[in-house]
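Below is a structure I'd like to ask you about.
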Amino acid sequence: MTTFSAETYQNEYLSEGATEVNAVITVTAVSGGSGGAVGGSDAVASGTDRVELIIVDGSGSMGQPPTKIKEARKATQVAVDTLADGTWFAVVRGANQASMVYPPTRGLALASDATKAEARAAISHLNPDGGTAIGTWLLAAKELCAGRPDAICHAILLTDGRNESQPAHELDAAIAACVGEFECDARGVGTDWEVRELRKIAKALLGTVDIVAQPEQLAEDFKAMTEQAMGKSVKTVSLRVWAPQGATVNFVKQVAPTIQDLTAQAVPVNALTKDYPTGSWGDESRDYHVCITVNAGPVGAEMLAGRISLVVGDEVVSQALVKAIWTDDIALSTRINDEVAHYTGQAELADAIQEGLEARKSGDEELATAKLGRAVQLAATAGNDETTKLLSRVVDIDDQATGTVRLKRVVEDADEMALDTRSTKTIRVRK
Amino acid sequence: MSDENADLKHDTSPFTAVCPHCGTTVVPGDKFCEACGADLPLLAPKTIVHETPPFEMPAISLEPCVGCGAPASEISPDRYCQRCGLRQPDNAAHREIDLGLIAGVSDIGLRHHDNEDAMALAEVAPGRWVAVVCDGVSSTVHPGAAAQAAADAACTVLSEAVKASPEGGPVDNYRAALVDAAAQAQQAILDLRPDQEALEAGNSASCTFVAAVVDEEHLSVGWLGDSRAYWFGEGDDPVRLTTDDSWAAQAVAAGLMSEAEAEADDRAHAIVRWLGADAVDVVPSVITAELSGTGRVMVCSDGLWNYASEAHELAVHLEGAPKGSTNLQACQHLVRFARGEGGHDNITVILVSVTPPPPQSKHEAPTKRMGS
């Protein structure tokens, strides 16, 4: 049984006439008993049905160099080995179309020593040939999950190239059709793939996107992703946000462990309430930043600016309140809430990186330098050392505090892509 | 598609609720269950909570939203309007309770946003009364609900004690009962699950406490803080029965300054004893007295006595009520007086009229001898 809790961090005091309310909500899920343990061999015991799909790019380019497909096979075998017994799974080869690697028929196999061994054997015959039409891979995954609607469905998707065998609108249509069907973590091996394409998939399907520059690193990544998937114990969790009449929810963003703007993915519940999908949960904690504009109340009035509920299925399992209290006490209304300030900075950091990389790609060196410099400054302030390290592969840092940087003349594609994909990783504020 | 107004009227709650008769899901605000046709009472939303949350859950509202007028059914249990979001005041801005010989008025005053005073009173039996006033400390978090819970709990305890005690029972009983009443009032505040953060910040919901048990010949008063009780006896000097648990009173008692100096100090009204999660000592001071004659007992919060602190000052204003006023009218008069003086605080006053019983007639029934 998983217990959810939600806590609000905010300065609820507003000065007279102020209307913008910001709050950070920390949501924590803890499972009692054995369910949700990492690498949980108790997956079946906890009663959670799981489907795990491994979709491997089998296009011709995966054979150039041969080490790519070799490592991809190995990584896929590792993922299969990491499955908890009782997980439903399939391995799919993606090219112009999707084809089954294991099981041989279009369906799912139940993980056991026997089926895992058979799968490993089938994977070793996975050969590269053909083009890349990722949309077909996604639709195949959807079909495979359709048989188990109550299961927590997750897919690892690996590609090495652009979606060259399919027009963009077809990929978009496939992504749209798969929203809510399964969650997907997307990985690009090498540097010939489009970050933008995989990011679209990951965002819509509530997963992560990352670069695996060296094929040898695939096995470790696949193992980690599979372990995390095995740890999920609650299928569909939504953040339900109610705001009063006349108020506007400006945004709802996940801000930890990664930044994901959920605003556009809201599903209306009624005139004042919307559900924001957060996918499946294991034992974990995530932070959300909510920004609501309300009608100003008189000094002394207290208003509920937002009621944030955690909804599992259609049960409310936890709640956090976002309040607004108008005061003429300047000491109260000017207090900065550390959590809100921190994540506002982290979001600005992610935007600065994205805009800087865009500017650099389009040749606007001045803008790129300004944006990436700002990013360096923000990363330093927040103590986000990982991001600083990634930035230092794209710019030469002269002064962190003032954000004075110079664009490097030569930047490895892998370094640029790593900064791009990991720009949304945040560090948690120290509470 | 139903029009937007209908949506707003029925469907603004983020909660679902179930019909208590047939169990079908219904929408809060519906008056009848669509499935079985049963009347729907005010429903609490169906929230299944797996972990004890720090929710505040005072009673469900019976009044429409003070902001937008949304019906009471659209006020959530934690007292926010589900339409406009406004937090409803814990206590009504103006309350009156009229039981004849005992009556009370509680008023928000002119300056405060909420009425954080609370009162509870009862005529337990003819000639036996209980009066309680609790003044919520406004620098604490949601003190109004705490004050009301405390006052109600104390009144219940004392009413039970009066019922259980024999006619004109010994005043010692009431001493114990007053100590118990304060303890139960304290528990009532703790049962509201005060906010942990507020507790750590030192402003967990707190209130004063003054409770009087009165019969025709005795009274007992217990108190913590600076809400007061007075005796206005006909033909007697008016008397203040309580001594404030306040900084000013302690300073004067310690001989540090005169009463006038103490009253003028900024710290004057800081109370040194109270009820609340962070209260150290909740054993009230108790005074008991025998009453000789007709008169009135007054129990009040500082929103009144701030403007007429000395007993004889207050007596003047009490007498100033129009001739023939009932106790309720006299309370209203005193509230008007305090508001007229500026109404800087919430004002609460209870009056009890005491008349000594007629002397016992020593009358023996004649005995008859059968057949003499």
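Within every chain, numbering begins at 1; the chains are lettered A, B, ... in the order of the sequence lines, protein sequences first and strands thereafter. The structure displayed is predicted, hence computed values, not measured ones.
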- prompt: Is it the side chain or the backbone of C68(B) that comes within 4.5 Å of chain A heavy atoms, both, or neither?
  reply: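 Contact with chain A is absent: no heavy atom of C68(B) under 4.5 Å.
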
- prompt: Just wondering, more than 12 heavy atoms not from E16(A) lying within 6.0 Å of its CD?
  reply: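 No - once you tally the heavy atoms of other residues, nucleotides and ligands closer than 6.0 Å, there are 12 at most.
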
task: Using the test side chain to side chain donor-acceptor pair (under 3.5 Å), find all partners of D117(B) that sit at least two apart in sequence or belong to another chain.
output: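 Checked D117(B) against side chain to side chain donor-acceptor pair (under 3.5 Å); matches are S301(B), T348(B).
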
query: Residues in ring pair (Phe, Tyr, Trp, His ring centres under 6.0 Å) with W305(B), at least two apart?
result: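 W305(B) satisfies ring pair (Phe, Tyr, Trp, His ring centres under 6.0 Å) with H269(B) only.
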
NZ (K203(A)) with more than 12 external heavy atoms under 6.0 Å: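 More than 12 heavy atoms, drawn from other residues, nucleotides or ligands, come within 6.0 Å of this atom.
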
- request: Determine the option with the most heavy-atom pairs under 4.5 angstrom with chain B, choosing from E7(A), M303(A), E302(A).
  value: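 Top option by heavy-atom pairs under 4.5 Å: E302(A).
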
message: Between L310(A) and chain B, with a heavy-atom cut-off of 4.5 Å, which part of the residue counts as in contact: side chain, backbone, both or neither?
response: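 No part of it gets close to chain B.
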
Shortest non-hydrogen separation from G85(B) to P244(A) and the atoms involved: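 In this case the closest contact between G85(B) and P244(A) is N-CB, 3.8 Å.
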
field: Separation of Q82(B) CD from Q245(A) CD (nearest 0.5 Å)
entry: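 Going from the CD atom of Q245(A) to the CD atom of Q82(B) covers 12.0 Å.
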
- prompt: Side chains of L304(A) and D78(B): closer than 4.5 Å at any heavy-atom pair?
  reply: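 Result no, sub-4.5 Å side-chain heavy-atom pair not found.
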
